[in-house]
A.B. asks: 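Input: one structure, supplied below.
Just so we're on the same page: letters track the sequence lines, and every chain starts at 1. Model, not experiment: these values are computed from the prediction.
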There are 2 protein chains.
Amino acid sequence: MTEDARDEVDRLVAAWRAERPDLDVEPLQVLSRVSRLAKHLDRARRAAFAEHDLEPWEFDVLTALRRAGKPYELSPGALLRATLVTSGTMTNRIDRLAQAGLVRRRPDPEDRRGVLVSLTETGLARVDAAFADLLRRERELLSGLGGADQRALASLLRTLLAPFDSPL
Amino acid sequence: MTEDARDEVDRLVAAWRAERPDLDVEPLQVLSRVSRLAKHLDRARRAAFAEHDLEPWEFDVLTALRRAGKPYELSPGALLRATLVTSGTMTNRIDRLAQAGLVRRRPDPEDRRGVLVSLTETGLARVDAAFADLLRRERELLSGLGGADQRALASLLRTLLAPFDSPL
DNA sequence: GTGTACTGTCTTGACATCGAGATATCTCTC
DNA sequence: GAGAGATATCTCGATGTCAAGACAGTACAC
């Protein structure tokens, strides 16, 4: 820490050091910042989507379908794995998206337990517009870092995420 | 990207490139990982706190008080600024923490609109134990990175957070 | 000191989420 | 081909959060 650009987290760490000098609070330097940045990112996302009349949760589902490529169709199970929510939540989300005319539900012809969810025309247009907007904002959020730094950051984060990806 | 250790996000980015080759999706390399890591971190926190019969939201409030130092007392307003929740949420949290015997409320003698919230003995003991546990788990979560890498990561994240800290 | 704007806290109603469990269907083994 | 266990989806109740607004008290100018 030869840095002296103190931010909220530096202050938080300093406060802990004063109160609990017996503990090694270094992990907070990384992980508190991850949490806080995620929170700010959530706000940026919310703002970007609001302009396209989408809630973050709607966007989550729609992008999962969009990424799947034509015919933009996935099962609820695949969607909940992609979005890391519970099945009850996904049922609820699909209900409301269908009601809003952004997705369609149909029985899976191969498995009578199953259902397939697909984007409507409207849903496709909406998600594409919102995604372009989101990227614009994310790029701006990252503008404080050069390309090399961004790649370094991505690489460090990838290392931290590795243990979660395989067993999941 | 000389790395070839592909993770979930690499796959996500590849999927977007296939579907939308016209868009520059590089920002996702950093920001999707931040979101995902934050989500995993939430789970780790929840697990750590569960062993001490605390919910994450309880811990948030208790640590803010703990960090303040003796007499471990803050106003609801100070608490909501420290935890980034709304005032309605904070009222609700304090209610339940008081009911659980972890904090105490008393009128602010200096300002009759105001209230002061302080840790009880039980609250203090509980938060100290949970915090030590949390640090253990966070350290483990970071064990994939050497000390220098952790500091580099912290520094890059600090740069990204800088724009949010000042105007807040 | 009186009026206006501000601050601090709490109330209320709507809402998305989770977890547990219900139901139907599939799969695999014997 | 029958039964056990796994899988896919949905239902339901409880909960934590937010946003907007109510209300009491303070600060400051004139």
Side-chain angles (χ1 to χ4, degrees), chain A residues 35 38-40 42-47 49-50 53-62 64-65 73-100 102-118 168, chain B residues 35 38-40 42-47 49-50 53-62 64-65 73-100 102-118 168:
Chain A
S35 289
K39 206 148 194 169
H40 290 301
D42 274 350
R43 300 199 177 185
R45 285 163 46 96
R46 187 174 298 275
F49 301 152
D53 267 312
L54 285 176
E55 298 294 320
W57 63 263
E58 296 182 289
F59 182 82
D60 273 353
V61 176
L62 297 180
L65 291 168
E73 186 166 62
L74 291 171
S75 69
L79 284 171
L80 67 88
R81 279 186 293 277
T83 55
L84 304 175
V85 299
T86 61
S87 64
T89 299
M90 187 51 67
T91 297
N92 186 15
R93 287 182 174 190
I94 295 169
D95 283 349
R96 284 171 293 156
L97 284 169
Q99 199 164 13
L102 302 175
V103 307
R104 225 187 319 270
R105 235 197 284 236
R106 70 181 177 104
D108 183 338
E110 314 259 295
D111 183 338
R112 266 179 295 181
R113 293 169 303 181
V115 170
L116 292 172
V117 180
S118 61
L168 186 66
Chain B
S35 289
K39 205 148 193 168
H40 290 301
D42 274 349
R43 299 199 178 183
R45 285 163 46 95
R46 186 175 298 276
F49 301 152
D53 267 311
L54 286 176
E55 298 294 321
W57 63 263
E58 297 182 288
F59 182 82
D60 273 354
V61 177
L62 296 180
L65 291 168
E73 186 165 61
L74 291 172
S75 69
L79 284 171
L80 66 89
R81 279 185 291 278
T83 54
L84 304 176
V85 299
T86 61
S87 65
T89 298
M90 186 52 68
T91 297
N92 187 15
R93 287 182 173 188
I94 295 169
D95 284 349
R96 283 171 293 157
L97 284 169
Q99 198 163 14
L102 302 175
V103 306
R104 226 187 319 269
R105 236 197 284 236
R106 70 180 178 106
D108 183 339
E110 313 261 295
D111 183 338
R112 264 179 297 179
R113 295 168 302 181
V115 171
L116 291 173
V117 180
S118 61
L168 187 69

A.B. asks: Count the heavy atoms belonging to other residues, nucleotides or ligands that lie under 6.0 Å from CZ of B:R105, then report whether that count exceeds 12.
C.D. replies: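 More than 12 within 6.0 Å, yes.
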
A.B. asks: Give a yes/no answer on whether the side chain of B:R112 brings an N or O atom under 4.0 Å of OP1 or OP2 in D:dT26.
C.D. replies: yes

A.B. asks: What does the list of N/O pairs under 3.5 Å between the protein and nucleotides 15-19 of chain D look like, with a distance for each?
C.D. replies:
{"from": "D:dG16", "atom 1": "OP1", "to": "B:R96", "atom 2": "NH1", "distance (Å)": "3.4"}
{"from": "D:dG16", "atom 1": "OP2", "to": "B:R96", "atom 2": "NH1", "distance (Å)": "2.6"}
{"from": "D:dG16", "atom 1": "O5'", "to": "B:R96", "atom 2": "NH1", "distance (Å)": "3.1"}
{"from": "D:dT17", "atom 1": "OP1", "to": "B:R93", "atom 2": "NH2", "distance (Å)": "2.5"}
{"from": "D:dT17", "atom 1": "OP2", "to": "B:R93", "atom 2": "NE", "distance (Å)": "3.3"}
{"from": "D:dC18", "atom 1": "OP2", "to": "B:T86", "atom 2": "N", "distance (Å)": "3.4"}
{"from": "D:dC18", "atom 1": "OP2", "to": "B:T89", "atom 2": "OG1", "distance (Å)": "2.8"}

A.B. asks: Measuring from atom CG of A:L116 to atom CG of A:D108, what distance do you get when rounded to the nearest 0.5 angstrom?
C.D. replies: 4.0 Å

A.B. asks: With side-chain contact (heavy atoms from CB on, under 4.5 Å) as the criterion, how do A:E73 and A:L65 come out once you've worked through the C-alpha distance, each side chain's angles and the decisive distance to 0.1 Å?
C.D. replies: CA-CA 6 Å; A:E73 186 166 62; A:L65 291 168; 5.6 Å; no

A.B. asks: Give a yes or no answer on whether the side chain of A:T91 reaches the backbone of A:S87 with a donor-acceptor pair at less than 3.5 Å.
C.D. replies: yes

A.B. asks: Of all residues at least two apart in sequence or in a different chain, which pass the side chain to side chain contact (heavy atoms under 4.5 Å, CB included) check with B:R112?
C.D. replies: none

A.B. asks: In whole angstroms, how far is the C1' atom of D:dA27 from the CG atom of B:D111?
C.D. replies: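 So the two atoms are 11 Å apart, to the nearest Å.
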
A.B. asks: Distance from B:L74 atom CG to B:S118 atom OG, nearest 0.5 Å?
C.D. replies: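 Result: 9.5 Å between the selected atoms.
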
A.B. asks: For DNA chain C, which nucleotides open and close the run of contacts to chain A, 5' to 3', at under 4.0 angstrom from a non-hydrogen atom?
C.D. replies: C:dA16 to C:dC26

A.B. asks: How far does CZ of A:R45 sit from CD of A:E55, to the nearest 0.5 angstrom?
C.D. replies: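 Rounded to the nearest 0.5 Å, the CZ-CD separation comes to 11.5 Å.
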
A.B. asks: Is B:T89 reaching over with its side chain to a backbone N or O of B:V85, donor-acceptor style, under 3.5 angstrom?
C.D. replies: no

